[in-house]
There are 2 protein chains.
Amino acid sequence: MPDPVVVLIEDEPQIRRFLRATLTGQGYRLFEATTGADGLVEVGSRQPDVVIVDLGLPDIDGIDVIRRLREWTDVPIIVLSARGQERDKVTALDVGADDYVSKPFGAGELLARIRVALRHTAGASHEGDDAAFQVGELRLDLLRRQVFVGDREVRLTPIEYKLLATLVRHAGKVVTHAQLLRDVWGPTHTDQAHYVRVYLAHLRHKLEAEPARPRYLLTEPGVGYRLATE
Amino acid sequence: MPDPVVVLIEDEPQIRRFLRATLTGQGYRLFEATTGADGLVEVGSRQPDVVIVDLGLPDIDGIDVIRRLREWTDVPIIVLSARGQERDKVTALDVGADDYVSKPFGAGELLARIRVALRHTAGASHEGDDAAFQVGELRLDLLRRQVFVGDREVRLTPIEYKLLATLVRHAGKVVTHAQLLRDVWGPTHTDQAHYVRVYLAHLRHKLEAEPARPRYLLTEPGVGYRLATE
DNA sequence: ACGAGCCGTAAAAATCTCGTAAAAATCCGC
DNA sequence: GCGGATTTTTACGAGATTTTTACGGCTCGT
């Protein structure tokens with residue numbers, strides 16, 4: 001691996017300075033953001049190998065930053081926090097963080113935990129890890145949560161967007177009704193297949209030129225749906 | 001996932017009791033070992049989804065237990081330890097542990113970290129299994145659930161696909177009528193052998209150049225069917 | 001040669017699935 | 001609390017799929 005890329009989302013200048021020295025000294029390429037909003041953009045553009053995020057950010061809550069990241073990337077996320085509350089740890093880990101380090105922390109421990117995170121990604125492939133998806137006229141910016149058909153932006157409701165995002169994450173593969181229901185509506189609604197039908201119709205009306213003759217949102221009869229790839 | 005299996009390697013009875021209550025209460029299947037040597041055997045025989053190791057064991061050093069495990073398995077290892085020394089943490093993580101929790105710890109945090117570990121293995125198994133089968137002009141992509149004859153995609157109904165997939169799983173070997181009925185229609189229809197005949201005819205029409213003179217879907221009179229290999 | 005049982009084929013009948021529209025309930029910002 | 005947007009329910013016809021039925025050919029042992 002070339003020098004691993006790390007994005008650090010942290011507002012306290014003192015800690016930023018400390019980590020900058022520690023990480024660059026170890027051969028990491030470091031990019032910094034001081035707000036959650038900046039952090040999301042930075043991760044989108046730098047495609048890092050690890051993200052370190054402080055929970056106490058000035059704008060967005062750190063938990064929300066993690067949630068937003070997890071909508072489109074599996075990059076390892078290490079949480080840094082002064083709050084030692086167990087509830088914070090559990091929440092952060094459950095919304096998608098991979099590790100949690102409480103302040104004050106030692107440089108050695110953080111570095112070791114970064115090495116663990118890198119070890120994990122070493123095996124996995126990064127194919128779906130792109131913030132944008134495109135097929136034909138249809139384009140999706142997972143980072144900004146925007147959808148375009150040609151150069152026209154299409155507004156989607158939260159459920160419509162989640163459904164489309166789920167299909168995009170498995171682009172080209174069939175996604176079963178049950179899987180869509182689990183991902184979009186949660187594990188308690190896995191038997192209400194008509195939800196999916198209704199919303200697929202919505203999506204087709206908004207995204208397809210001929211909703212009755214779909215080019216992107218394909219039906220796999222008896223099984224589920226598939227988003228066409230080239 | 002069925003109930004995840006956890007192996008706990010811990011000598012202190014008090015902590016063992018605490019974790020037993022916590023973990024089994026959450027639906028985990030727990031197997032315990034009180035020494036490093038036992039632990040290694042237990043992991044070998046139980047094939048767990050997560051291993052929890054205490055560093056302070058009576059016989060082998062916990063660090064060595066991790067090293068020994070990493071010689072042959074990638075199962076997630078979570079370290080438990082009273083020693084809060086940073087050097088211990090770094091060593092444990094660097095020899096292959098995935099996480100480190102210092103005593104005293106909260107049940108919620110440990111459970112959250114176990115969920116993180118399980119999430120990692122769940123994702124790993126999904127990648128890379130680009131299972132495809134090919135014989136002659138006939139090609140089956142199990143992952144994308146697509147079937148091709150030459151470069152033409154053939155659409156199959158759910159039953160047709162299940163039937164073909166079952167034959168592919170046992171490619172080259174004879175699959176009996178009863179087995180096909182059980183796999184495709186479920187264990188309650190094992191006496192309706194004509195179903196199989198009807199659908200084999202469908203498949204041959206869709207897949208074979210000369211349905212009356214099949215090249216791939218071969219009949220084994222009186223027994224069942226067989227999918228030809230090269 | 002003959003009948004029994006198995007196999008392939010076709011087509012009718014029963015059932016299920018999908019897309020669609022629209023009403024009812026709920027949520028959300030003001 | 002109001003009004004618009006969104007989500008949840010409900011209903012139904014067209015079409016596809018599955019199930020059922022029927023029949024003719026084949027093999028094999030007698």
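Just so we're on the same page: letters track the sequence lines, and every chain starts at 1. Side chains included, hydrogens not; waters and symmetry mates left out as well; all remaining heavy atoms used.
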Under 4.0 angstrom between A:Thr219 side-chain N/O and C:dG19 OP1 or OP2: yes
Using whole Å, report how far OH of B:Tyr161 lies from C1' of D:dT17. 18 Å
Would a distance-only check, ignoring hydrogens and angles, find a side-chain to backbone donor-acceptor pair under 3.5 Å from A:Glu160 to A:His202? no
In whole angstrom, what separates B:Tyr195's OH from C:dA10's P? 20 Å
Between B:Asp99 and B:Val116, is there a side-chain heavy-atom distance shorter than 4.5 Å? no
Would you call A:Arg67 and A:Glu71 a salt bridge, using N to O less than 4.0 angstrom? no
Is B:Arg204 close enough to C:dG8 that one of its side-chain N or O atoms is under 4.0 Å from OP1 or OP2 there? yes
Closer than 4.0 Å, any side-chain N/O of A:Trp185 to the OP1 or OP2 of D:dT7? no
List the steps and the verdict of side-chain hydrogen bond (donor to acceptor under 3.5 Å, both in side chains) for A:Thr166 and A:Arg182. CA-CA 10 Å; A:Thr166 302; A:Arg182 205 177 37 249; over 6 Å; no
Residue-phosphate contact under 4.0 Å: B:Thr157 side-chain N/O, D:dT18 OP1/OP2: yes
Has A:Thr121 got a side-chain atom pairing as donor or acceptor with A:Leu118's backbone, closer than 3.5 angstrom? yes
Of the nucleotides C:dG19, C:dC7, D:dT9, which has the atom closest to the A:Gln192 side chain? D:dT9
Distance-only, no hydrogens or angles: does the B:Glu208 side chain make a donor-acceptor pair with backbone N or O of B:Arg215 under 3.5 Å? yes
Grab the CG-P distance between B:Leu217 and C:dG8 for me, whole Å please. 10 Å
Where the side chain of A:Arg20 meets the backbone of A:Leu23, is there a donor-acceptor pair that is under 3.5 Å apart? no
B:Val50/B:Asp98 under side chain to side chain contact (heavy atoms under 4.5 Å, CB included): CA gap, chis, key distance, verdict: CA-CA 10 Å; B:Val50 179; B:Asp98 293 280; over 6 Å; no
When the distance from CG of A:Leu200 to P of C:dT20 is rounded to whole Å, what number comes out? 10 Å
Look at the side chain of A:Ala212 and decide which nucleotide, out of D:dT21, D:dT9, C:dT20, has an atom nearest to it. C:dT20
It should be established whether A:Arg197 places a side-chain nitrogen or oxygen under 4.0 Å from OP1 or OP2 of nucleotide C:dC18. yes
Using the side-chain heavy atoms of B:Tyr225, tell me which of these nucleotides is nearest: D:dT7, D:dT10, C:dG8. C:dG8
Euclidean distance, atom CG of residue B:Leu163 to atom P of D:dT18 [Å, nearest integer]: 11 Å
May I have the distance from A:Tyr199 (atom OH) to D:dT6 (atom P), rounded to whole angstrom? 9 Å
Toward the 5' end of DNA chain D, which comes first, A:His194 or A:His202, by nearest nucleotide? A:His202
If you check the A:His205 side chain, which of D:dT21, C:dA21, C:dG19 turns out closest? C:dA21
Can you tell me the distance, in whole Å, between the CG atom of A:Leu203 and the P atom of C:dC18? 16 Å
Considering just the side-chain nitrogens and oxygens of A:His177, establish if one lies under 4.0 Å of OP1 or OP2 belonging to C:dT17. no
Could you tell me, to 10°, how much the axis swings from one end of the helix from C:dA1-D:dT30 to C:dC30-D:dG1 to the other, five pairs per end? 40°
Whole-Å gap separating C1' (D:dT9) and CG (A:Asp191): 14 Å
